[in-house]
Amino acid sequence: MFSHRWRFSWDRYSEVDLFTDRYEASAETLSQAIRAAASEEPDADGSVLFGHLQGTVVGLRYYTGVVNQGEMVGLVRQPQNPYDRNAVMVANIYGNQVGHIKRELAAAMAYIMDNNLAKVEGVVHTGTKNKFTMPVMLAFWGKEENRNVVIEHMARRGYKVNTGGSTTAGAHYASYKSQGACALPTKKGSTVPLTAEELKNAFDNLFEDLMESKDGEKEAATSVGTPLLPHQKQALSWMCAQENKSALPPFWEKRGELYYNSLTCFSAKEVPDRVRGGILADDMGLGKTLTTIALILTNFHKGKPLPVEKCEEQSTSLKAKSKSQMTLTKLKGSSSAGHGAEGVAAPCSDLPQVELICADSPDIIGITDKSEKSTSKGKMKAVKRKPSQKGPVLLEDLDFAAALGGSASDTGIKKKKTTKTTSSTMSVDSSIPESADDLSATATLIISPLSVLSNWLEQFEQHVRADVKLKVYLYYGSERNRSKTFLSSQDVVITTYNVLSADSGNKSPLHGINWLRVVLDEGHIIRNPNAQMSKAVLDLKAQRRWILSGTPIQNSVKDLWMLLAFLRLKPFDVREWWNRVIQRPVTQRDRAGLKNLQTLVKCITLRRTKSSEVNGRPVVSLPEKMVCVEQVELSQSEREEYELARNEGRNTIGRYVAEGTVLRNYADVLAILMRLRQHCCHPDLLAKISSDLGAAATPAQLREHLIEKLRLVLASGSDEECSVCLDSIHLPVITHCAHVYCRPCIAQVISTAQETARCPLCRSEIKTNELVEFPQEEMEKENHTNSEKWRTSSKVQALMGNLLRLRCEDSSIKCLVVSQFTRFLTILETPLREHGFSFVRLDGTMSQKRRTQVIQEFQSSAPNSPVIMLLSLKAGGVGLNLTAASHVFLMDPAWNPATEEQCIDRCHRLGQKRKVFVTKFIVKDSVEENMVKIQKQKQDLLEKAFGSTNTDRKASRIDDIKALMEL
DNA sequence: ACCGCCGGGTGCC
DNA sequence: ACCGCCGGGTGCC
């Protein structure tokens, strides 16, 4: 399976060298090759243990790989082996070959391995006791349906797989224990499996409070213009330490001459690769971006700051250049040589030496040095900076090159004395190879989701001192400069996950560069190891690796593998070791496994929440936040209409409750509730629906009705969750029994059903071809409300009263007006216009481009900038920065109070200067009041959801509905 | 002795 | 490898 990727030399002596990686020219180590191959390895999840078999490893004396007592080994087929095409190689965790499986046994195993009938895992209980052979305990894992084939095949060859009798989960657990790695010394009682609840709790808290013993603060380099807050200095100190430290990675310790991993029981003669980097998992708003910028500027090499030039210096030491050439970059002699003639005196004011140029699209700003951009590779040679310091600089350069070569995996650098891209030490033409495939590390690559790309550029501008020229290049858009020489001469290159994955493969410049540092912003988005994007990220070459993420775990242990693999946390970057040492034990609720996972995470993660404290003081001291509920009284006519609808709805739902058919009629129930909520906001929100949603005569009618119901569910504020994934609904479809799910979720339910698939909510029969989607045209039509005559409502009046009062008090106050109903936002536009408010609108239908634009407009402090943002509750999600606003008006209550909190946090976050006022409009004596009452319960329900059964959830839903309708 | 036994050379796949 | 296997030397006890 992996073997085709391995370059074997069958000469005994050179083979040893291969495995010790001493003569490998490329930076790709065997371990990386295994990792690459093994990332395709399926999850251990679906596999069951068939049984064990004692085998023999032979030929130990030919290889350097050592195995300790209890250590796991990898078994790898070698179909190309000239002596035996059934050969099965045995490798230790570090990827060093240990020996081979004895010929006869290998012959039996080869068939099973080649046909993927089972995954064979080895544990050596005895360790390498003798010089020639050793026993190995083999465990066969595979799909249940292959169990007998495997056992019989082995039996026919005279190998009896010991199945241990039972095949229950308990047996799996027990046999895991019996064949597992020699775990850390386990305390008494730790063999009792965790309960689901314990596991879930431990998991939720995995990333909590990861700040102890990470104190110590570090000042940022002077080139960072913004003073760091204490917790940011703490983070900077930790990050620098992570990058510079010589300490061993987690679980490694020195034992005499050897380095020993207490988890895998592996020991090695060489120092294990350090993880230079980690996960910065601070809550959003704590300044991960600023901290990262500080890191880039502060910790370039051996704790020294990134050499950047000041404006003054450049005007004296370099030839004059035109303003456009200066731009934001540190200049090199090359640009001077290439363009000096046309140069104009450099501006030496305190104007930011950053120029934003349009790249591909108008809302994407690129920061670059035009002269660099237009300079061809050939002109990049003569690089002479600070000529007066040439002597000492060269010394430093050697030191630097040596330091770069220090890591065993960065062998590419050792090939030559590399001076070309060390920006502090530009020397001469000859040191720059024309081939440019040996680009060493001085640049930081930042990969970010498109939506926060502009944020990075802004933050660089904002936090890097104006007189410092930092070369930041936005690698985005079709005109992006793909020259490796150019890119690696930058200080910072910013790109998106999509660009990276689009580039990867055929001669990707980003993959050709050995980066000083790679930073994954919102790193949790690469959690699926099979995604192209993830593979592209793993393939990057870098000396230091960082993951920034506010929410490092989304769902399960599995998500973590990608993060560790990216960080190259040995040996878990190889999927097999991860599966065997962490994932499988944890999913089987093994305490030691969980403990190990916790230790692992703790070693590489720094996370603070808003409530964390540094030196006894809160990490962030945000301005005060006042939340008040403003009761709205309906007008008489509104009240009459509301009561009418309420009584009707109550009767209907009461009937469903009595009949026990609430869930069967769930869509109707939601529709009723939604109509009541809409009544509370504005009468025109009510969808004009056919009064009779009863039996449909024709398929077309049925479809029409289903679409109508789907529309109601979707319009109900999006916090309706899919009962399959318990997440908000993605790609909604409605079943014939009128229940709404994510299409992928329900499709999976249907495909995994044995015979007839049944609706998870009401057990009606469902079929894939009967799922109804929302027609696209309808989607668009939804946005055009054709209310010719605009009318007001009590809630609109309440809002306008507040807005007008605020404008009188202080016209600079900005407000967020939030609703779950985008049509309500549309309705609100009319009175806003009428009263001359300048406003913008942000909702889920807008393109990323437009969003960025709107946010920028709103955040601007320009005198004519918008003072109101109409915000759809579900728009944007986390990460939005709307600190320009200090007042939030929540027009209607959400099912989930966390959604409201999240929305409030968009302005009540770091950067907010004013006191924040939140006003929640709640209509008195209405379904809204009841919603507020059950919000707390709803929160508890969400927390319970993980461990609870489907029945529990159904019951709670019915209770919710009863409470809402006062039944 | 067309054996057994002894002891040296040797050894993955 | 403190094995097994091979093949040559040897041969009552």
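Here is how names work: the chains are called A, B, and so on, in the same order as the sequence lines, proteins then strands, and each is numbered from 1. Computed over heavy atoms, backbone and side chain alike; hydrogens, waters and symmetry mates excluded.
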### Task
Send over the distance from Leu105(A) CG to dC12(B) C1', rounded to a whole Å.
13 Å
### Task
Just jot down the side chain to side chain contact (heavy atoms under 4.5 Å, CB included) partners of Gln242(A), sequence neighbours excluded, or say none.
Trp238(A), Lys245(A), Trp546(A)
### Message
Within the 4.5 Å heavy-atom criterion, are Tyr497(A) and Leu520(A) side-chain neighbours or not?
### Response
yes
### Query
So what does Ile101(A) touch, heavy atoms closer than 4.0 Å: a base, only the sugar-phosphate, or nothing?
sugar-phosphate
### Query
With both distances kept under 3.5 Å, what pairs with dG11(B), Watson-Crick or G-U wobble?
dC3(C)
### Task
With C1' as the reference atom in both, quote the distance from dC13(C) to dC2(B) in angstrom, rounded to an integer.
25 Å
#### Entry: Spacing of Lys102(A) atom NZ relative to dG11(B) atom C1', expressed in whole Å
12 Å
## Note on the structure
Taken to the nearest 0.5 Å, the spacing of Gln78(A) CD from His100(A) NE2 works out to 4.0 Å
### Cation-pi geometry met for Arg255(A) and Tyr260(A) (6.0 Å, 45°)
yes
### Between P of dG11(B) and CZ of Arg103(A), the distance in whole Å
15 Å
### Query
In whole Å, what is the span from the CG atom of Asp84(A) to the C1' atom of dC13(B)?
6 Å
### Task
Whole angstrom is fine here: how far is it from NZ in Lys131(A) over to P in dC12(B)?
14 Å
#### Entry: Distance, rounded to the nearest Å, where Gln78(A) contributes CD and dC13(B) contributes C1'
7 Å
### Query
When only distance counts, do a donor and an acceptor, one from the side chain of Asn81(A) and one from the base of dC13(B), lie under 3.5 Å apart?
yes
## Note on the structure
CG of Asn96(A) to OH of Tyr63(A), rounded to nearest 0.5 Å, is 12.5 Å
### Task
Measure from CE on Met109(A) to P on dC13(B) and round the result to the nearest Å.
13 Å
### Query
Can you tell me how far C1' in dA1(C) sits from the matching atom in dC5(C), rounded to whole Å?
12 Å
### Task
Measure from the side chain of Tyr62(A), starting at C-beta and using heavy atoms only, and say which of dG11(B), dA1(C), dC13(B) lies closest.
dG11(B)
### Task
Return the value, rounded to whole Å, for the distance between atom CZ of Phe132(A) and atom P of dC12(B).
10 Å
### Query
The side chain of Ala87(A) lies closest to which of these nucleotides: dA1(C), dC13(B), dC12(B)?
dC13(B)
### Query
Are Arg61(A) and dC12(B) close enough that a side-chain N or O sits under 4.0 Å from OP1 or OP2?
yes
